[in-house]
A.B. asks: 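I have a structure I would like to understand better, so I am pasting it below and will then ask my questions one at a time.
Residue numbers begin at 1 in each chain, while the letters A, B, ... track the order of the sequences. These figures come from a predicted structure and were not determined experimentally.
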Number of protein chains: 2
Amino acid sequence: MPSGLSAAEMARIDQLITTRRKVRRKAPLFRAGEPFHALYAIRTGVFKTCVTAEDGRDQVTGFHMAGEIVGLDGIVQDHHTCDAVALEDSEVCVLPFDRIGELSREVGALQHHLHRVMSREIVREHGVMLLLGSMRAEERVAAFLLNLVQRLQARGFSPSELVLRMTRQEIGSYLGLKLETVSRTFSRFAQEGVLEVQHRFVRIADVERLRSVLAQPGSGF
Amino acid sequence: MPSGLSAAEMARIDQLITTRRKVRRKAPLFRAGEPFHALYAIRTGVFKTCVTAEDGRDQVTGFHMAGEIVGLDGIVQDHHTCDAVALEDSEVCVLPFDRIGELSREVGALQHHLHRVMSREIVREHGVMLLLGSMRAEERVAAFLLNLVQRLQARGFSPSELVLRMTRQEIGSYLGLKLETVSRTFSRFAQEGVLEVQHRFVRIADVERLRSVLAQPGSGF
DNA sequence: CGACGGCTTGACGCTAATCAATATACGTGG
DNA sequence: CCACGTATATTGATTAGCGTCAAGCCGTCG
């Protein structure tokens, strides 16, 4: 969270956190169309966010874990434009947005922190656009796994082992692939000795090889 | 720009605009890696923004026209993470970011306006992710053209005619397609009487048919 | 224990990428 | 201002990669 704050400032920011909210697996934190009044800081658990087109198609736009903020989409129209759904039993801090506005006027560091959070989300989405626009299936899956373990490692988990909290379908939606393609790609990596895959459990057996998949756009010749 | 402001508030916001800057066609407004110190409000002209991966691949992340803000990517790391390049001779207002911070603490409406601008960009990118993740080539091109004319119409231009300021290559990069596919899709639409295309000039001959392309995920059977 | 959701694997088809040749517009310098 | 050279665009032939459809397996949860 924000750094460089005095004790007094910290005390004020604590006022922000009015409520915590538990969200059970598969339950929505919010849904597109609902009125927006708060951002949510994830304390524990994992969420997916997804947008839905008029014709019903939907797209997972991100997977979010402890320490990350969701709900930023709601600011512009005063109502949410995507769904946030818990992938496991989770807990969030509710941060009423009008309070954030007031407080960030008094505490400059909070203001700047919020700006950075929003900017980070924009930059993250640029990365996803690069992935969706120019990578092949193997590269997408490799990038996805490397990104996940990196974030897990930053939270004190293993840099080489992880348990997927999402289905192949959801991974596929996020990566612009069908679930069969995700499954096949996992299998191929496993066969090549890059990964060990057992359902939701994944061990990265050869990080270098996995990284090298990203370096070679034209596939592995 | 922001509404609901007193004259005094307006006067303060005018202080924001210290400089204008002209950018010639093909010249960068900023480049990835450069230090960030300002946002840019486009006065005239068109820009593309694009990110580049380590391996050199790049991806156009957006096309931006008068009234839109670019540079939001730079906030999080204090340096830009993408390039903004003028597609025609253009002019921007330079909005020094530290001033924005100070002023938005005094003028609540400005603060909220900035939040909305950033949130709008996040939501826009969700839409692009949906496009890249789940649409077929025809749908992507149709969505691209409809989005462009809609924005042009909001600026007082024709709802059915436009001049593309970007190459097929750039359109393709934005849409996750190769330039040949973009060209072929234009040709097919022209052959079906949906579009008239002459190089950079496009006339939408049948908006309804173009819209209906989007409604049918499974292609046009 | 049975049923259902999630996952894997195979066979096949289709879309868009690739490679290539040509045409057209644009910009630049003589 | 014209001519040349280069960027941009169109179009065709072929292919690779992913999607689709289908069948069967596994694991979980009621």
A.B. asks: Could you check how far CG of Leu175(B) sits from C1' of dA16(C), rounded to whole Å?
C.D. replies: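 That distance rounds to 13 Å.
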
A.B. asks: In this structure, which one of Arg165(A), Arg200(A), Arg24(A) forms a salt bridge (Lys or Arg N to Asp or Glu O under 4.0 Å) with Glu88(A)?
C.D. replies: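 The salt bridge (Lys or Arg N to Asp or Glu O under 4.0 Å) with Glu88(A) is passed solely by Arg165(A) among Arg165(A), Arg200(A), Arg24(A).
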
A.B. asks: Using a heavy-atom cut-off of 4.0 Å across all strands, would you classify Gly176(A) as base, sugar-phosphate, or nothing?
C.D. replies: sugar-phosphate

A.B. asks: dT28(D) C1' sits how many Å from Phe201(A) CZ, rounded?
C.D. replies: 19 Å

A.B. asks: Provide, to the nearest angstrom, the distance between the CZ atom belonging to Arg140(A) and the P atom belonging to dC18(D).
C.D. replies: 8 Å

A.B. asks: Which label fits His80(A) and Phe30(A): parallel for a plane angle under 30°, tilted from 30 to 60°, or perpendicular past 60°?
C.D. replies: parallel

A.B. asks: Round to a whole Å and report the spacing from NZ of Lys26(B) to P of dT6(D).
C.D. replies: 14 Å

A.B. asks: Which parts of residues 179-199 of chain B get close to DNA chain D, meaning a heavy atom less than 4.0 angstrom away?
C.D. replies: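 The answer is Leu179(B), Glu180(B), Ser183(B), Arg184(B), Ser187(B).
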
A.B. asks: Counting only heavy atoms not in Arg25(A) (residues, nucleotides, ligands), do more than 12 fall under 6.0 Å from its CZ?
C.D. replies: no

A.B. asks: Nearest to the side chain of Arg200(A), which nucleotide is it out of dG6(C), dA17(C), dT20(D)?
C.D. replies: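 Closest nucleotide among those given: dG6(C).
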
A.B. asks: For dC14(C), does either OP1 or OP2 sit under 4.0 Å from a side-chain N or O belonging to Arg136(B)?
C.D. replies: no

A.B. asks: Mind running a 4.0 Å heavy-atom check of residues 162-171 of chain A against DNA chain D and sending the residues that fall below it, in number order?
C.D. replies: none

A.B. asks: Under a 4.0 Å N-O cut-off, is there an ion pair linking Arg31(B) with Glu34(B)?
C.D. replies: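 Salt bridge between Arg31(B) and Glu34(B), a charged N being under 4.0 Å from a carboxylate O: no.
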
A.B. asks: Under a 3.5 Å threshold, yes or no: a donor from one side chain and an acceptor from the other, between Thr61(B) and Thr49(B)?
C.D. replies: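 Present: a donor and an acceptor within the cut-off.
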
A.B. asks: Which whole-number value in Å describes the distance from Lys178(A) NZ to dT9(C) C1'?
C.D. replies: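 For the pair Lys178(A) NZ and dT9(C) C1', the rounded distance is 18 Å.
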
A.B. asks: What do you reckon, is CD of Gln169(A) surrounded by more than 12 foreign heavy atoms closer than 6.0 Å?
C.D. replies: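 Counting other residues, nucleotides and ligands, CD of Gln169(A) stays at 12 neighbours or fewer.
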
A.B. asks: Taking the six-membered ring for Trp, are Phe47(A) and Phe63(A) ring centroids under 6.0 Å apart?
C.D. replies: no

A.B. asks: State plainly whether the residues Arg57(B) and Glu139(A) are in salt-bridge range, i.e. N to O under 4.0 Å.
C.D. replies: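 Result for this pair is yes, salt bridge flagged.
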
A.B. asks: Count the heavy atoms belonging to other residues, nucleotides or ligands that lie under 6.0 Å from CZ of Phe157(A), then report whether that count exceeds 12.
C.D. replies: no

